[in-house]
Engineer: 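Quick one: the structure is below, questions incoming.
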Amino acid sequence: MLDPKLVRESPDLVRTAIARKHLTVDLEAVLAVDTAWRAQLQEVEQLRATQKAANSAMAALPKGSPEFVAKVQEMKAVSAQVKERDATLKVTEDKFREAMLGLPNLPHASVPDGAGPDDNVVHATHGDVNAASPHALPHWEIPGFERLFDFGRGAKVTGAGFPFYIGDGARLVRALLSFFLDEDAKAGYVEVNPPIFVNAASATATGQLPDKEGQMYETTPDHLYAVPTAEVPLTNFFRDEILEEAALPVKRCAYTPCFRREAGSYGKDVRGLNRLHQFDKVELLKWVHPATSYDELEKLRADAERLLQKLELPYRVLLMCGGDLGFAQSKKYDLEVWGAGQKRWLEVSSCSNFEAFQSRRAQIRFRSRESGKPELVHTLNGSGLAVPRVLAALLENNLQADGRVRLPAALVPHFGKEYVSF
RNA sequence: GGAGAGGUGGCAGAGUGGUCGAAUGCGCCUGACUCGAAAUCAGGUGAGCCCGCAAGGGUUCCGGGGGUUCGAAUCCCUCCCUCUCCGCCA
């Protein structure tokens with residue numbers, strides 16, 4: 001959510017931001033609701049002031065006295081009026097909130113212009129894509145793939161997109177998670193093991209609700225939501241709290257399975273491990289002082305990149321353009337790993353600065369040393385990393401002539417051996 | 001899952017229909033005292049929103065929501081959570 005004062009006082013800024021994100025929002029309607037809301041609020045508050053004054057006066061009067069009785073009669077009318085106007089106000093307030101929630105976050109000045117994915121800027125490329133294994137295959141075509149990653153039985157037991165990981169497949173998942181968490185801990189992120197179901201209030205604070213409920217799995221009869229990412233429980237950890245400035249930046253990481261219903265499917269994008277309804281991911285989260293959030297974004301990106309470097313995987317960093325930025329982000333980098341078999345870039349991390357967009361909605365603040373007053377923190381998050389696509393890239397890029405997969409040195413201690421056999 | 005108790009400011013803890021954003025204590029901040037500190041004394045010390053250039057004014061918030069009433073922290077309904085005991089259980 002944006003600062004209502006900013007919208008009110010600098011609507012042109014917001015208009016420009018909406019245009020840069022290539023979204024269409026009726027800002028005039030938002031401003032009109034705002035004006036109406038404030039007028040109604042003032043009216044109700046004035047009536048309440050009348051009530052309170054009468055209250056104090058009545059407290060000093062003898063209960064049964066004629067003055068008292070007269071006052072009661074008089075205030076009955078005011079009371080009825082308050083009730084009526086307050087009901088109207090609440091309706092307007094809901095509209096106002098809804099309108100505010102419909103406004104996207106402002107892109108940062110350093111975000112390039114562009115309409116969509118084709119306009120993203122390649123910020124950096126690491127590793128040699130052309131030096132890929134001559135034996136590379138799309139991972140789902142590797143002989144014996146289904147023995148380690150059983151999609152058929154997963155579909156029988158649960159549904160498409162819920163594979164079983166078996167033997168070295170399961171062991172690889174565990175090794176990657178262990179590697180990620182250990183590395184993230186070294187970078188100063190405190191490991192958290194959060195709940196993987198969240199309530200509606202939490203899903204609302206991070207923006208999954210009210211618009212995207214179709215993308216989450218919901219439980220009955222308790223109406224909890226299976227987390228689409230650890231970002232949701234992690235960000236909500238400090239919801240409605242005021243942190244000490246000295247505690248910032250707070251850095252945490254969490255592994256959770258992630259559950260996504262993903263309404264549409266996109267042909268070859270969904271083959272093999274590329275796109276699943278359930279997958280494993282380690283998420284990095286930071287709560288930072290507003291003055292430092294863009295430095296912190298660069299550090300966050302570096303922390304995620306280091307993981308790919310240690311895994312010796314070729315990857316590139318995309319700086320997302322305005323049109324591909326996403327609703328809530330001010331600035332975002334995507335990390336894409338090279339799948340030598342598919343000959344495609346696979347997104348494995350998305351590192352974003354949300355500025356105060358999430359923290360305003362979630363009311364996460366810190367007490368400013370300077371002013372002594374609470375201020376909103378900036379929140380950042382990024383994957384560190386998503387397992388299945390990293391796994392896919394490892395399998396494809398490191399496939400040997402003998403059909404085995406050789407693992408990078410960094411992973412060997414976690415996996416316990418150097419080769420994966422199918 | 002069953003029975004009981006309870007949710008009040010940073011913490012502890014009063015308040016059971018009116019002048020209560022809320023006593024008191026602790027904590028914290030400022031000042032006095034001191035070479036400095038402790039102790040002591042005095043004062044201050046919640047968050048949000050609206051109006052206002054500001055000074056300031058108004059209003060909301062006592063777990064959430066709804067109701068009764070001229071008026072609710074206080075009465076009623078409902079949901080959530082915590083604690084104690086019992087049951088079940090990885």
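Note that the structure is predicted; figures quoted are calculated from it, not measured. Chain A is the first sequence line, chain B the second, and so forth, proteins listed ahead of strands; every chain is numbered from 1.
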Engineer: Between P374(A) and P4(A), who's closer to the 5' end of RNA chain B by nearest nucleotide?
Structural biologist: P374(A)

Engineer: Under the criterion side chain to side chain contact (heavy atoms under 4.5 Å, CB included), which of L148(A), L273(A), L172(A) is the partner of Y165(A)?
Structural biologist: L273(A)

Engineer: With a 4.0 Å cutoff (strictly under), does any side-chain N or O of R367(A) reach OP1 or OP2 of A47(B)?
Structural biologist: yes

Engineer: Rounded to the nearest angstrom, tell me the gap between atom CZ in R8(A) and atom P in C51(B).
Structural biologist: 6 Å

Engineer: State the pairing partner of U34(B); accept Watson-Crick or G-U wobble contacts with both distances under 3.5 Å, and report none otherwise.
Structural biologist: none

Engineer: Measure the distance from CD on Q81(A) to P on C70(B) and round it to the nearest whole Å.
Structural biologist: 16 Å

Engineer: Quote, to the nearest angstrom, the P distance that separates C75(B) from G27(B).
Structural biologist: 33 Å

Engineer: Among D184(A), D280(A), N193(A), which one satisfies side chain to side chain donor-acceptor pair (under 3.5 Å) with Y255(A)?
Structural biologist: D280(A)

Engineer: Over how many whole Å does the gap from M58(A) atom CE to U19(B) atom P extend?
Structural biologist: 12 Å

Engineer: For S79(A), which contact category applies under a 4.0 Å heavy-atom criterion: base, sugar-phosphate, or nothing?
Structural biologist: sugar-phosphate

Engineer: Quote, to the nearest angstrom, the C1' distance that separates G46(B) from C20(B).
Structural biologist: 15 Å

Engineer: Find the distance K373(A):NZ to A47(B):C1' and express it as a whole number of Å.
Structural biologist: 9 Å

Engineer: Starting from P on G52(B), measure out to NZ on K5(A) and report it in whole angstrom.
Structural biologist: 12 Å

Engineer: Taking atom P in both G65(B) and U74(B), what distance in whole Å separates the two?
Structural biologist: 13 Å

Engineer: Give A49(A) one of three labels, base, sugar-phosphate or nothing, depending on what nucleic acid heavy atoms sit under 4.0 Å from its own.
Structural biologist: sugar-phosphate

Engineer: Nearest heavy atom decides the nucleotide; on that basis, is Q51(A) or I242(A) closer to the 5' end of RNA chain B?
Structural biologist: I242(A)

Engineer: Rounded to whole angstrom, note down the C1' distance from G7(B) over to G64(B).
Structural biologist: 12 Å

Engineer: Side chains of Y294(A) and E355(A): do they bring a donor and an acceptor to under 3.5 Å?
Structural biologist: yes

Engineer: Could you check how far CG of D94(A) sits from P of G65(B), rounded to whole Å?
Structural biologist: 13 Å

Engineer: For G43(B) and G56(B), measure between their C1' atoms and round to the nearest Å.
Structural biologist: 22 Å

Engineer: In whole Å, measure the gap between the C1' atoms of C51(B) and U68(B) for me.
Structural biologist: 33 Å

Engineer: Atom CG of N55(A) to atom P of A72(B): distance rounded to whole Å?
Structural biologist: 7 Å

Engineer: With a cut-off of less than 4.0 Å, is there a side-chain N or O of R38(A) near OP1 or OP2 of C51(B)?
Structural biologist: yes

Engineer: Between Q342(A) and E141(A), is any side-chain donor less than 3.5 angstrom from a side-chain acceptor?
Structural biologist: no

Engineer: Just checking K71(A): base, sugar-phosphate only, or nothing, at a heavy-atom cut-off of under 4.0 Å?
Structural biologist: nothing

Engineer: Are any of the side-chain nitrogens in K281(A) or E283(A) under 4.0 Å away from the carboxylate oxygens of its partner?
Structural biologist: yes

Engineer: Relative to F422(A), does R404(A) satisfy both conditions: NZ or CZ under 6.0 angstrom from the six-membered ring centre, and within 45 degrees of the ring's axis?
Structural biologist: no

Engineer: Given the P atoms of G17(B) and G13(B), what is the spacing between them in whole Å?
Structural biologist: 23 Å

Engineer: Please state the P separation for the pair G10(B) and G67(B) - nearest whole angstrom.
Structural biologist: 28 Å

Engineer: Counting only Watson-Crick or G-U wobble pairs whose two distances fall under 3.5 Å, which nucleotide matches A90(B)?
Structural biologist: none

Engineer: Among C70(B), G18(B), U59(B), find the nucleotide with the atom closest to the side chain of M75(A).
Structural biologist: C70(B)

Engineer: For U19(B), what is the paired nucleotide under Watson-Crick or G-U wobble rules, both distances under 3.5 Å?
Structural biologist: none

Engineer: Is the phosphate of U68(B) approached by K83(A) (side-chain N or O, under 4.0 Å from OP1 or OP2)?
Structural biologist: yes

Engineer: What is the distance from NZ of K90(A) to C1' of G65(B), rounded to the nearest Å?
Structural biologist: 9 Å

Engineer: So, for H414(A) and S178(A), which heavy atoms are closest and what is the spacing to 0.1 Å?
Structural biologist: CD2-OG, 2.6 Å

Engineer: Identify the nucleotide, in any strand shown, that forms a Watson-Crick or G-U wobble pair with U45(B), with both distances under 3.5 Å; if there is none, say none.
Structural biologist: G27(B)

Engineer: Kindly indicate whether the side chain of E45(A) and the base of G58(B) share any N or O donor-acceptor pair separated by less than 3.5 Å?
Structural biologist: yes

Engineer: Taking a pair as Watson-Crick or G-U wobble with both distances under 3.5 Å, which nucleotide is matched to C85(B)?
Structural biologist: G2(B)

Engineer: So which nucleotide does G71(B) pair with, by the Watson-Crick or G-U wobble rule with both distances under 3.5 Å?
Structural biologist: none

